[in-house]
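Only this structure's heavy atoms are used, side chains among them; waters, hydrogens and symmetry mates stay out. Numbers here are sequence positions counted from 1. Predicted, not measured: the structure shown is a model, and the values here were computed from it.
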Amino acid sequence: MEVKARAPGKIILSGEHAVVHGSTAIASSIDLYTYVSLRFPTPSDNDDALRLQLKDVGLEFSWPIGRIKEALSEKDIPNSSVPTSCSIESLRSLAALVDELKIPEAKIGLGAGVLAFLWLYSSIQGYKPATVVITSELPLGSGLGSSAAFCVALSAALLSFSDSVNLDLSHQGWLTFGEIELELLNKWAFEGEKIIHGKPSGIDNTVSTYGNMIKFKSGSLTRIKTNMTLKMLITNTKVGRNTKALVAGVSERTLRHPEAMASVFNAVDSISTELATIIQSPAPDDLSLTEKESKIEELMEMNQGLLQCMGVSHASIETVLRTTLKYKLASKLTGAGGGGCVLTLLPTLLSGTVVDKVTSELESCGFHCLTAAIGGNGVEICFGDSS
């Protein structure tokens with residue numbers, strides 16, 4: 001029996017950086033996915049190894065099951081119904097296993113993901129051989145939630161073969177989890193995110209687990225449901241950024257200009273609140289949909305201007321803004337800024353010819369463009385053929 005899980009990436013529609021200073025932010029799932037397939041060998045396979053295949057980067061790793069068990073000898077008996085944090089001792093032992101892999105220097109950043117994989121696998125499934133294959137439509141390290149989608153899809157695949165969830169194995173096509181099962185899955189994915197990022201907010205894995213949109217403020221997450229279909233052009237500038245340095249830079253600017261920055265953060269809070277209201281209100285006809293899209297475009301432009309006030313834009317982002325403005329399209333950075341990705345709203349009535357032109361012009365600058373619908377389903381699984 002084989003199971004395949006898929007979990008969506010995410011974008012920040014509004015409120016990045018300002019959320020650290022008490023403002024509201026809105027995050028949304030996108031229909032670009034990370035896929036995890038899990039297959040256990042049959043007795044006739046005579047296989048006693050855990051195998052991990054990272055198809056997109058052309059890497060494959062394997063560990064004898066006995067070696068993993070030996071590394072985690074201090075660990076309690078695995079219990080898939082109780083999400084468990086990786087102790088410092090376990091982290092050291094698993095890090096030694098990862099160090100033995102001799103991951104190429106150019107791909108060394110994948111090491112933390114492999115660590116998370118080993119912890120989640122051994123904690124949920126215990127010590128049994130299997131082959132796990134990972135593929136993804138999400139670019140790594142670009143602020144689209146690729147690590148969270150990986151942890152969510154992996155947790156879903158592992159839990160689907162555990163006693164902690166009750167699923168219809170005969171169901172054809174993609175299947176969603178129940179509310180209680182999603183809560184358990186999200187907690188496990190968060191444990192994986194902690195291994196990768198240290199102190200994640202939990203926003204990325206929550207969006208990937210539940211899908212749709214999330215409003216968050218001062219550590220409180222509220223799930224919201226969109227009543228309209230929005231399409232975005234996501235431009236990956238391919239410029240790496242240091243998130244910690246960018247966050248610190250905003251904090252330093254706030255210390256230098258407390259009153260001005262307080263006004264900036266208040267304005268962002270108002271934008272996020274209005275955006276959430278627009279997204280949740282029904283659009284009974286094309287005219288009202290067009291009006292709502294126009295308002296969202298204005299809010300995106302205002303939010304981008306405020307992000308520039310915070311000092312987190314970049315020359316590559318400004319190039320995208322200038323290019324899309326030529327086509328009367330509204331754009332804003334998403335995530336940390338300083339490079340990364342830029343969102344451009346694609347209105348419902350926009351012709352495909354215009355989309356092709358703006359995409360071609362952006363890609364001629366060395367950027368990579370993806371088109372995605374936002375606010376769709378969260379994590380799903382499929383037994384057998386998922387086509």
Can you pull out every ring-ring contact (aromatic ring centres under 6.0 Å, His included) where at least one residue sits in residues 221-271? Sequence neighbours excluded, please.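 Passing the test, one end in residues 221-271: His21-Phe265.
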Summary of ring-ring contact (aromatic ring centres under 6.0 Å, His included) pairs that have at least one residue in residues 187-240, sequence neighbours excluded: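 Sorted pair list comes back empty.
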So Val36 and Val133, side chain to side chain contact (heavy atoms under 4.5 Å, CB included) or not? Walk me through it. CA-CA 6 Å; Val36 173; Val133 180; over 6 Å; no
Going by the salt bridge (charged side-chain N to carboxylate O under 4.0 Å, His left out) test, which pairs reach into residues 368-382, not counting sequence neighbours?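 Checked against salt bridge (charged side-chain N to carboxylate O under 4.0 Å, His left out) - neighbours excluded - the pairs reaching residues 368-382 are Arg6-Glu380.
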When you compare the side chain of [Y] with that of [X], does any pair of heavy atoms fall below 4.5 Å?
X	Y	result
Thr84	Glu191	no
Leu362	Thr324	yes
Gln53	Thr131	yes
Ser208	Val379	no
Phe367	Thr319	yes
Ile103	Val98	yes
Pro139	His368	no
Ile30	Pro8	no

Between [atom1] of [X] and [atom2] of [Y], what distance do you get to the nearest 0.5 Å?
X	Y	atom1	atom2	result
Ser122	Ile68	OG	CD1	7.0 Å
Leu307	His17	CG	NE2	7.0 Å
Leu115	Leu110	CG	CG	11.5 Å
Met213	Leu230	CE	CG	5.5 Å
Leu167	Ser162	CG	OG	8.5 Å
Thr277	Lys292	OG1	NZ	10.5 Å

Could I get the full list of side-chain contact (heavy atoms from CB on, under 4.5 Å) partners for [X], not counting sequence neighbours?
X	result
Ser136	Thr34, Asp56, Leu138
Ala130	Leu38, Phe40, Leu50, Tyr121
Asp45	Arg39, Pro41, Thr42, Asp47

Which atom of [X] lies closest to which atom of [Y], heavy atoms considered:
X	Y	result
Pro78	Gly126	CG-CA, 3.7 Å
Asn227	Gln280	ND2-O, 2.5 Å
Asn212	Val207	O-CG1, 4.5 Å
Thr226	Gly375	CG2-O, 3.9 Å
Leu275	Ser14	CD2-OG, 3.6 Å
Val268	Met310	CG2-CE, 3.8 Å

Using the side-chain hydrogen bond (donor to acceptor under 3.5 Å, both in side chains) rule, collect all pairs that involve residues 301-314, keeping only residues at least two apart or in two chains.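 Every side-chain hydrogen bond (donor to acceptor under 3.5 Å, both in side chains) pair that includes a residue of residues 301-314, provided the two are not neighbours, is Gln308-Glu318, Ser313-Glu318, His314-Ser316.
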Applying side-chain hydrogen bond (donor to acceptor under 3.5 Å, both in side chains), which residue pairs with at least one partner in residues 339-366 are found, sequence neighbours left out?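 Residue pairs passing side-chain hydrogen bond (donor to acceptor under 3.5 Å, both in side chains), neighbours aside: Glu293-Thr348, Lys326-Glu361, Tyr327-Glu361, Ser331-Thr344.
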Looking at [X], I want to see if its [atom1] is surrounded by more than 12 non-hydrogen atoms of other residues, nucleotides or ligands under 6.0 Å.
X	atom1	result
Asn166	CG	no
Leu255	CG	yes
Lys194	NZ	yes

Is [Y] reachable from [X] through a run of I, L, V, M, F, W or Y residues, each pair having side-chain heavy atoms under 4.5 Å apart?
X	Y	value
Ile374	Leu221	no
Phe150	Leu91	yes
Ile26	Ile214	no
Ile12	Ile278	no
Leu59	Leu101	yes

Set of side-chain hydrogen bond (donor to acceptor under 3.5 Å, both in side chains) partners for [X], sequence neighbours left out:
X	answer
Arg67	Glu100
Lys128	Gln125
Ser270	none

Whichever hydrophobic residues join Ile77 through chains of side-chain contacts under 4.5 Å: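 Listed partners: none, Ile77 stands alone.
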Worked verdict on Leu52 versus Leu54 for side chain to side chain contact (heavy atoms under 4.5 Å, CB included): CA-CA 7 Å; Leu52 173 64; Leu54 305 175; 4.1 Å; yes
Could you walk me through whether Leu329 and Leu345 pass the side chain to side chain contact (heavy atoms under 4.5 Å, CB included) test, one step at a time? CA-CA 7 Å; Leu329 298 174; Leu345 182 66; over 6 Å; no
Test your reading of the model: is there a side-chain donor-acceptor pair from Thr237 to the backbone of Gly340, 3.5 Å cut-off?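 Yes, Thr237 side chain to Gly340 backbone: donor-acceptor pair under 3.5 Å.
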Check: Asn236 side chain, Cys341 main-chain N or O, donor-acceptor pair, under 3.5 Å: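 Here the side-chain-to-backbone pair does not exist.
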Side chain to side chain contact (heavy atoms under 4.5 Å, CB included) for Asn242 and Leu246? Distances and angles first, verdict last. CA-CA 6 Å; Asn242 184 329; Leu246 288 159; 5.8 Å; no
Please walk me through it: do Arg241 and Glu16 pass salt bridge (charged side-chain N to carboxylate O under 4.0 Å, His left out)? CA-CA 15 Å; Arg241 68 266 185 272; Glu16 48 270 273; over 6 Å; no
Take Arg92 and Glu89 through the salt bridge (charged side-chain N to carboxylate O under 4.0 Å, His left out) test and state the conclusion after the steps. CA-CA 5 Å; Arg92 282 194 192 120; Glu89 293 78 14; 5.1 Å; no
